[in-house]
Amino acid sequence: MFPTRRNSTGSWNDWERRTALFGSRLTTSFAAELRPGSPRGTVPFTPMRWSNFHTPTLRDAPADAEAASHRLLIRGGFIRQLHAGHYSMLPLGWRVFRKVAEIIREEMDAIDGQEFQLPTMHPASLWKKSGRWEVMGDEMFRVTDRKGAENALGMTEEEVFAHLAQEVTSYKALPQIWYQMHTKFRDEPRPKSGLLRVREFTMKDAYSLDLDQAGLDTAFDKHHAAYIAMFDRMGLPAVPVDASSGAMGGSGSTEFMVPSPAGEDDVVICSNCDYAANIERATSTLPEVTDRGIPELERFPTPGVRTIKALEEIDGGAPAEHQIKTMVMVLDGQVTLALLRGDHQLNLQKLLDTSGAIDLRPATPEEAHENLGAMPGSLGAVGVEELRIIADHSLLGRSGLTTGANEDDWHYTGVSVERDIAVDEWADLREVSIGEACPMCSTPIEIVRCIEAGHIFKLGTKYAEAMGATVLDPEGTQHPIVMGSYGIGVERAIATIVETHHDDAGMIWPTSVAPFEAVITIVSVKDEASVAGAEALYAELTQRGVDVIIDDRDARAGVKFADAELIGIPHRVTFGPKAFADGEVEYTPRATAETERVSILAIADRLVETISVDR
RNA sequence: CGGGCAGUGGCGCAGGUUGGUAGCGCGCCUCGUUCGGGACGAGGAGGUCGUGGGUUCAAAUCCCGCCUGCCCGACCA
């Protein structure tokens, strides 16, 4: 089986000895010997023969897949869709999953997190206690059992952890960090982009328990650091940004955003200072506007004028920044007016956040007419008493403005907000635009499309109060536990890594999360010498804890190269008959595709070294 | 929830308007020749045409319902 040719360097014996030493283990079939475990962690990875590995790679991606990660994960045989928003993890995908999960686990454990595993079907009563049985609306899957009892499929687990926290009764037991990695269900209105937006997924959700706000701040900072470490280890360039807390409630939250065109969030970033915020929260500094000196409120006819733009252009009209835009919105069934400057856009999330509403939609033209007496295009808030009016800060103190008169084809001019409009609340409703001044340093801001890869919240006492989770302090006073909540989606992280690590040929996994760290490609399975050499290296790398696959398929070299590149294994060693006869193999990093010849004697050390650094 | 598009072997698609026993490429199996960047030849296997009903002598094709998937939209009064 081994080459018998003479070796001029005299070092062949060494090679042969290695072959004998490690090659023999392959015939023993003891699983334990084939699973030496990774030197860095606890995930045992089985070395693999490609000839026996289920990796259904495709030449063509499904025609309807658009996101790069979606196409590549399907083509590479990592995932398959079962139905909309539900994916099966194939062996390749699952290997990546386990590595990503293990990184998350290690970083959670490093901040003293304790791992749990909770049910994912919960009694409705628990969610009714916190009020989220209603708040979550259609996004929560609900299941009725044979007895007619209502259940929720967990979307997140504040309720269950807070319920368990009832057994924490003394300040001496705090702080605690509890977490799990488990399936979550969300009935997304529109699952899309492969693993990026799904209805069933795995989330690492963590919850901190503290005596007071200061403790929560510490726990929050620890998680912030842990998240930075996680994303760094999985190769994701995640940016922490100020975010809306949405349905979670609480006093503050930070999202970890990865710039990508496949994302669904817009993030405002300052190129000069640290300012970064989700567009749902972002603000900017506006230039001063000098009011036009129109002291008297006056109605004037505006036949056919229905838009801000048209009102700018007619005689007696006004530039957009001197108009009031009146948006008629329905908040939890209540018709509400949201007022903005004419040239500004309403951000719906801001309106939701400031109003505390659960559900929000624009009013129909009929509803607008019913409540204000005119159709859209001629609406305004002057003299409106019975409706809730929320106005954007940019209108504060303004006068000489133009707005609809609540009669079709009529507008007001000379409106003083303070004098003429009964504003109930002032709020930040305006969506910032690209190029406006950074609120911290006045540099023009940028807006970047991002994937939300993680989100951490300061919850406060809401859930502890709902569940009755309290502790006694040193003075014997009872306090609700102060909680934080910290989430990261495993599948989304995987997809995001692909979005940010691929080229025309396929994926380029960071070694830390690659399905295999190295692939040994046998160019010709008929060439006994190079096959033996490849087998020996396979055995040695396995023994030395490298997660390796050997491509021993009886296939053409081109097919093997293409598959290895598609699947994105970061390190490739090619055993070709000619080079091997010269005592050499080829080493090709996936990222650079620069092939270099390496002596068969040096390749194992070289790989072990490189891979250890990359991990 | 509104609008659009689409369901035909494992994947990608044609056929449909003009009803007449289902076809192409890739993949898969066998044999041979090949063998360092997705080989070639020959021979094969594999399809309730999403589903239920209707029209008809006859339906992938025409009609109605349903299911499923994909894309866009769901603030700019």
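Proteins get letters first, then strands, A, B, ... in listed order; numbering begins at 1 in each. Given the structure is predicted, the values throughout are model-derived calculations rather than measurements.
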Q: Kindly give the atom pairs (protein nitrogen or oxygen, nucleotide nitrogen or oxygen) under 3.5 Å for nucleotides 32-37 of chain B.
A:
{"unit_1": "B:U34", "atom_1": "O2", "unit_2": "A:R556", "atom_2": "NH1", "d": "2.9"}
{"unit_1": "B:G36", "atom_1": "O6", "unit_2": "A:G576", "atom_2": "N", "d": "3.2"}
{"unit_1": "B:G36", "atom_1": "N1", "unit_2": "A:E586", "atom_2": "OE1", "d": "3.1"}
{"unit_1": "B:G36", "atom_1": "N1", "unit_2": "A:E586", "atom_2": "OE2", "d": "2.9"}
{"unit_1": "B:G36", "atom_1": "N2", "unit_2": "A:E586", "atom_2": "OE1", "d": "2.2"}
{"unit_1": "B:G36", "atom_1": "N2", "unit_2": "A:E586", "atom_2": "OE2", "d": "3.2"}
{"unit_1": "B:G37", "atom_1": "O6", "unit_2": "A:R572", "atom_2": "NH2", "d": "3.2"}
{"unit_1": "B:G37", "atom_1": "N1", "unit_2": "A:E565", "atom_2": "OE1", "d": "3.4"}
{"unit_1": "B:G37", "atom_1": "N1", "unit_2": "A:E565", "atom_2": "OE2", "d": "2.7"}
{"unit_1": "B:G37", "atom_1": "N2", "unit_2": "A:E565", "atom_2": "OE1", "d": "2.3"}
{"unit_1": "B:G37", "atom_1": "N2", "unit_2": "A:E565", "atom_2": "OE2", "d": "3.3"}

Q: How many whole angstroms separate atom NE2 of A:H411 from atom P of B:A77?
A: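 To the nearest whole Å, that distance equals 11 Å.
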Q: State, with a plain yes or no, whether a side-chain heavy atom of A:E298 is found less than 4.5 Å away from one of A:Y412.
A: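 No, every pair of side-chain atoms sits at 4.5 Å or beyond.
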Q: Give A:L346 one of three labels, base, sugar-phosphate or nothing, depending on what nucleic acid heavy atoms sit under 4.0 Å from its own.
A: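 The answer is base, as A:L346 lies within the cut-off (heavy atoms under 4.0 Å) of a base atom.
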Q: Return the 5'-most residue of the pair A:E431, A:R199 with respect to RNA chain B, ranking by each residue's nearest nucleotide.
A: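 Result of the comparison: A:R199.
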Q: Considering only the P atoms, how many Å lie between B:C11 and B:G27, rounded to the nearest integer?
A: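 Taking atom P in both B:C11 and B:G27, they lie 15 Å apart.
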Q: Enumerate all atom pairs, one protein N or O and one N or O from nucleotides 5-13 of chain B, separated by less than 3.5 Å.
A:
{"unit_1": "B:C11", "atom_1": "O2'", "unit_2": "A:D60", "atom_2": "O", "d": "3.4"}

Q: Which residues within residues 304-339 of chain A lie with some heavy atom under 4.0 Å of an atom in RNA chain B?
A: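 Residues of residues 304-339 of chain A under 4.0 Å from RNA chain B: A:R306, A:T307, A:I308, A:K325, A:M327, A:V328.
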Q: Before giving the answer on side-chain contact (heavy atoms from CB on, under 4.5 Å), spell out for A:M140 and A:L153 the whole-Å C-alpha distance, their side-chain angles and the decisive distance to 0.1 Å.
A: CA-CA 7 Å; A:M140 188 156 73; A:L153 292 186; 6.0 Å; no
Q: Using only side-chain N and O atoms of A:R59, determine if any of them is under 4.0 Å from OP1 or OP2 of B:G27.
A: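 Checking B:G27 against A:R59, a side-chain N or O does come within under 4.0 Å of OP1 or OP2.
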Q: What is the pairing partner of B:U17, taking Watson-Crick or G-U wobble pairs with both distances under 3.5 Å in any strand?
A: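 Looking at the geometry, B:U17 pairs with no nucleotide.
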Q: Among A:Y538, A:W509, A:F53, whose ring-ring contact (aromatic ring centres under 6.0 Å, His included) with A:F516 holds?
A: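 That would be A:F53.
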Q: May I have all residue pairs that pass side-chain hydrogen bond (donor to acceptor under 3.5 Å, both in side chains) and include part of residues 595-604 of chain A, sequence neighbours excluded?
A: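 Listed by first then second residue: A:E584-A:R597, A:T588-A:T595, A:E596-A:R606.
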Q: Give the residues of residues 386-398 of chain A touching RNA chain B, defined as any heavy atom closer than 4.0 Å, sorted by residue number.
A: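 The stretch gives none, as no residue of it lies under 4.0 Å from the strand.
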Q: Decide whether a cation-pi geometry holds between A:R142 and A:W127; the criteria are a distance under 6.0 Å from NZ or CZ to the six-membered ring centre and an angle within 45° of the ring axis.
A: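 Judged by the rule, A:R142 and A:W127 form no cation-pi pair.
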Q: Taking the P atom of each, how far is B:G73 from B:C28, in whole Å?
A: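 It comes out at 39 Å once rounded to the nearest Å.
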Q: Does B:G73 have a Watson-Crick or wobble partner in any strand here, with both distances under 3.5 angstrom, and which is it?
A: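 Looking at the geometry, B:G73 pairs with B:C1.
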Q: How long is the gap from NE2 on A:H502 to CZ on A:R590, to the nearest 0.5 Å?
A: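 Separation between the atoms: 10.5 Å.
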Q: Tell me, please, which residues at least two apart from A:V198 pass side chain to side chain contact (heavy atoms under 4.5 Å, CB included).
A: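 Applying side chain to side chain contact (heavy atoms under 4.5 Å, CB included) to A:V198 gives A:Y87, A:F201.
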Q: Using residues 310-318 of chain A as the side-chain source, report each donor-acceptor pair under 3.5 Å to any protein atom, sequence neighbours left out, with the distance given to one decimal.
A:
{"unit_1": "A:E312", "atom_1": "OE2", "unit_2": "A:A320", "atom_2": "N", "d": "2.9"}
{"unit_1": "A:E313", "atom_1": "OE2", "unit_2": "A:K309", "atom_2": "NZ", "d": "3.1"}

Q: Got a sec? Which of residues 79-87 of chain A come in under 4.0 Å of RNA chain B, heavy atoms?
A: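 A:Q81, A:H83, A:A84, in order of number.
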Q: Among all residues two or more places apart in sequence or in another chain, which pass the side chain to side chain contact (heavy atoms under 4.5 Å, CB included) test with A:L351?
A: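 By the side chain to side chain contact (heavy atoms under 4.5 Å, CB included) rule, A:L351 matches A:M329, A:L331, A:A338, A:L346, A:T354, A:L360, A:I390, A:L429.
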Q: Could you go step by step and tell me if A:D266 and A:R449 meet the salt bridge (Lys or Arg N to Asp or Glu O under 4.0 Å) rule?
A: CA-CA 5 Å; A:D266 286 317; A:R449 218 358 110 107; 3.0 Å; yes
Q: Is the shortest side-chain heavy-atom distance between A:T55 and A:W50 below 4.5 Å?
A: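 Heavy-atom side-chain distance check passes, below 4.5 Å.
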Q: Test: salt bridge (charged side-chain N to carboxylate O under 4.0 Å, His left out). Region: residues 410-435 of chain A. Which pairs qualify, not counting sequence neighbours?
A: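 Found A:K350-A:D428, A:R388-A:E425, A:R430-A:E436.
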Q: Which value, in whole Å, describes the distance between the C1' atoms of nucleotides B:C31 and B:A45?
A: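 About 15 Å, rounded to a whole number of Å.
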Q: Could you let me know what B:G46 is paired to, Watson-Crick or G-U wobble, both distances under 3.5 Å, or none if it's on its own?
A: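 Pair assignment: B:G46 / none.
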Q: Need to verify one output field. Residue with the more 5' nearest nucleotide on RNA chain B, A:H70 or A:T57?
A: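 Nearest nucleotide further toward 5': that of A:T57.
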Q: Enumerate the residue pairs fulfilling salt bridge (charged side-chain N to carboxylate O under 4.0 Å, His left out) with a member in residues 564-576 of chain A, sequence neighbours excluded, ordered by first and then second residue.
A: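 Qualifying pairs, neighbours excluded: A:E565-A:R572.
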Q: Quick one: salt bridge (charged side-chain N to carboxylate O under 4.0 Å, His left out) pairs with a partner in residues 552-561 of chain A, sequence neighbours left out?
A: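 Residue pairs with at least one partner in residues 552-561 of chain A: A:R49-A:D552, A:K526-A:D554, A:D551-A:R553, A:R553-A:D563.
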Q: Just wondering, do A:V289 and A:H322 contact through their side chains at under 4.5 Å, heavy atoms?
A: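 They are in side-chain contact.
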